[in-house]
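Just so it is clear: chains get the letters A, B, ... in the order the sequence lines come, proteins before strands, and each one is counted from 1. For the numbers below, each heavy atom of this structure counts, side chains included, while hydrogens, waters and symmetry mates do not.
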There are 2 protein chains.
Amino acid sequence: MGTQYSYQYPRPAVTTDVVVFTLRDQQLKLLLVKRGRPPFVDMWALPGGFLDIDEDLEACAKRELEEETGIRGVYLEQLYTFGQPNRDPRERVISVTYYALVPSDHIDLRASSDAADADWFSLGQLPALAFDHQEIITLAHQRLVAKLHYSTIAFQFMPETFTLGELQKVYETLRNEELDKRNFRKWILSLGQIEKSGELCKTGNHRPAQIYRLKNPERVEIIK
Amino acid sequence: MGTQYSYQYPRPAVTTDVVVFTLRDQQLKLLLVKRGRPPFVDMWALPGGFLDIDEDLEACAKRELEEETGIRGVYLEQLYTFGQPNRDPRERVISVTYYALVPSDHIDLRASSDAADADWFSLGQLPALAFDHQEIITLAHQRLVAKLHYSTIAFQFMPETFTLGELQKVYETLRNEELDKRNFRKWILSLGQIEKSGELCKTGNHRPAQIYRLKNPERVEIIK
DNA sequence: GCAAAAGTGTTATCCCTACACCCATGA
DNA sequence: TCATGGGTGTAGGGATAACACTTTTGC
């Protein structure tokens, strides 16, 4: 206990915070944790925490995400670095923020040490947020919507296999508009990113659908 | 002198570094400073330095840029945050990087305290660089080229007034390809971002050119 | 008068959009 | 047989790309 690490000049603390998006019930949701300690105790905040001294930034984001929510192995991308001098009331904190996309079948929340609770919220119905986390979320949402139009980032929301109807639903939810079925199929197939698995999806009282999968599940391609 | 600032956990140092681009002699150039002190003494590096404890990140980038090169009042945008644990041989350093665009008539270099020297280099002919600065430059260049296609960022290279021929040259240099004069003029005028000043540019042994200016010199608009 | 850049419209092509009907299945 | 989502092609419109000649000036 105490003050073991000394420097010639004052230093800010460095944290990472992650905006985790998923799609559930045809809605874009994001993950918040309820803070278990001050400041902003009992308020909702983004999962995140302090950088270990020998830890890569992205590794820190992944670690905090897993520790606080149990989520791992998802798409993660650096968003922006926030460093307003007074964004944390305790002291100077620089936050390197990331955003993550989680397939809808991959959600398995578990609260833990730092987080009294964790839950998914619709973007339109967010609670009051700690720090400048509202601003971070707004930026992450803008980036996600922008990337929809010039990359294959939306595929990161899909499970391993899916039908074209399910994929179209995802795009419709994210873009918040209905799309023409024929045009969507022509376009998405022309990208050359998905292929038929050969299997059929026989759920529901209607004609079975072809099941597709990604050719490169890990890669997010730039299109256009 | 000594170790006045103590913390319970070790903390990384935080710096900002800036990739400054300009256009000169029909070439994209960037600004490097020669390091005056270890590590990497006498090697070339990006202008930048340590964050003051009460200073905003962007303010730090601006301050270091002015201190080391005399450049101020230019377009500045956050690029990415680099934090590999061993990117600085002395200790853990997080670098929040920015890139800046300088109009070609606005270049007025002056070396100073931290920088033994400063100079412009073509991207194809960079010297060996300190730290991971080559990686930072590569990313900045990619970002700049990408933004050309969906924003008016190229205008930030222009002086207050300019001709359409000069503007086309800028686009040709940045995109590294020749453009059709008529199509370029139709396109650039259709953006609605520039207007005639009414003056004519009578230099050279050829027909005088209309002089244009930006309607909103500060704003970078998203187009498309 | 000649070299050098300024200035100016039309046509063809491609891509995106709009649009309607049959199919396979479960209940 | 009916309700439900799956699956398919074509035609029109708008934007982009290709293309050549005249103008004004300095030397």
Nearest-angstrom distance from the residue atom [atom1] of [X] to [atom2] of [N]:
X: A/F184; N: D/dG7; atom1: CZ; atom2: P; value: 12 Å
X: A/D180; N: D/dA11; atom1: CG; atom2: P; value: 16 Å
X: A/Q168; N: D/dG7; atom1: CD; atom2: P; value: 11 Å
X: B/K186; N: D/dC19; atom1: NZ; atom2: C1'; value: 10 Å
X: A/E172; N: D/dG5; atom1: CD; atom2: P; value: 12 Å
X: A/R185; N: D/dG5; atom1: CZ; atom2: P; value: 13 Å

- prompt: Any donor-acceptor pair under 3.5 Å joining the side chain of B/R182 to the base of D/dA20?
  reply: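 A donor-acceptor contact between them is present.
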
message: What I want to check is whether an N or O donor and acceptor connect the side chain of B/K181 with the base of D/dT22 at under 3.5 Å.
response: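 Under the 3.5 Å cut-off, the side chain and the base do not form any donor-acceptor pair.
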
- prompt: Checking salt bridge (Lys or Arg N to Asp or Glu O under 4.0 Å) against A/K62, which of A/E58, A/E66, A/E64 comes through?
  reply: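 Of the listed options, the one satisfying the test is A/E58.
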
task: Please identify each residue that fulfils side-chain hydrogen bond (donor to acceptor under 3.5 Å, both in side chains) with B/R175, with sequence neighbours left out.
output: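 Per chain and number, B/R175 pairs via side-chain hydrogen bond (donor to acceptor under 3.5 Å, both in side chains) with B/E177.
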
task: Tell me, please, which residues at least two apart from A/E166 pass side-chain hydrogen bond (donor to acceptor under 3.5 Å, both in side chains).
output: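 Here no residue qualifies.
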
Given side chains that start at C-beta, do those of [X] and [Y] come closer than 4.5 Å, heavy atoms only?
X: A/Q84; Y: B/D56; answer: yes
X: B/W187; Y: B/I223; answer: yes
X: A/W44; Y: A/D119; answer: yes

query: Distance only, no hydrogens: is a donor on one side chain within 3.5 Å (strictly under) of an acceptor on the other, for B/Q193 and B/T152?
result: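 B/Q193 vs B/T152: no donor-acceptor pair found between side chains.
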
Residues B/Y75 and B/E77: side-chain donor-acceptor under 3.5 angstrom: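 Checked: B/Y75/B/E77 side chains pair up, N/O donor to acceptor below 3.5 Å.
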
task: Give me the bend of the helix from C/dG1-D/dC27 to C/dA27-D/dT1, using the axes of the five pairs at each end, rounded to 10°.
output: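 Nearest ten degrees gives 0° for this helix.
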
message: I need the B/I137 CD1 to B/L46 CG distance, nearest 0.5 Å.
response: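 B/I137 CD1 to B/L46 CG: 4.5 Å, rounded to 0.5 Å.
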
Gap between atom NZ of A/K169 and atom CZ of A/F184 - 0.5 Å precision: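 A/F184 CZ to A/K169 NZ: 11.5 Å, rounded to 0.5 Å.
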
query: What's the closest nucleotide to the B/N183 side chain, out of D/dG7, D/dC19, D/dG9?
result: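 So the side chain of B/N183 is nearest to D/dC19.
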
Just the atom pairs and distances: protein N or O near nucleotides 25-27 of chain D's N or O, under 3.5 Å.
from	atom 1	to	atom 2	distance (Å)
D/dT25	O2	B/N205	O	3.0
D/dT25	O2	B/H206	N	3.1

message: Under 4.0 Å from a heavy atom of chain A: give me the 5'-most and 3'-most nucleotides of DNA chain C that qualify.
response: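 Contact boundaries, 5' end first: C/dT17 to C/dG26.
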
What are the two closest non-hydrogen atoms of [X] and [Y], and how far apart are they?
X: A/K29; Y: A/R24; answer: CE-O, 3.8 Å
X: A/I136; Y: A/L79; answer: O-CD2, 3.8 Å
X: B/S151; Y: B/Y171; answer: O-OH, 4.5 Å
X: A/L167; Y: A/I194; answer: CD2-CD1, 4.3 Å

Which pairs, protein N/O on one side and nucleotides 14-16 of chain D N/O on the other, fall under 3.5 Å?
none

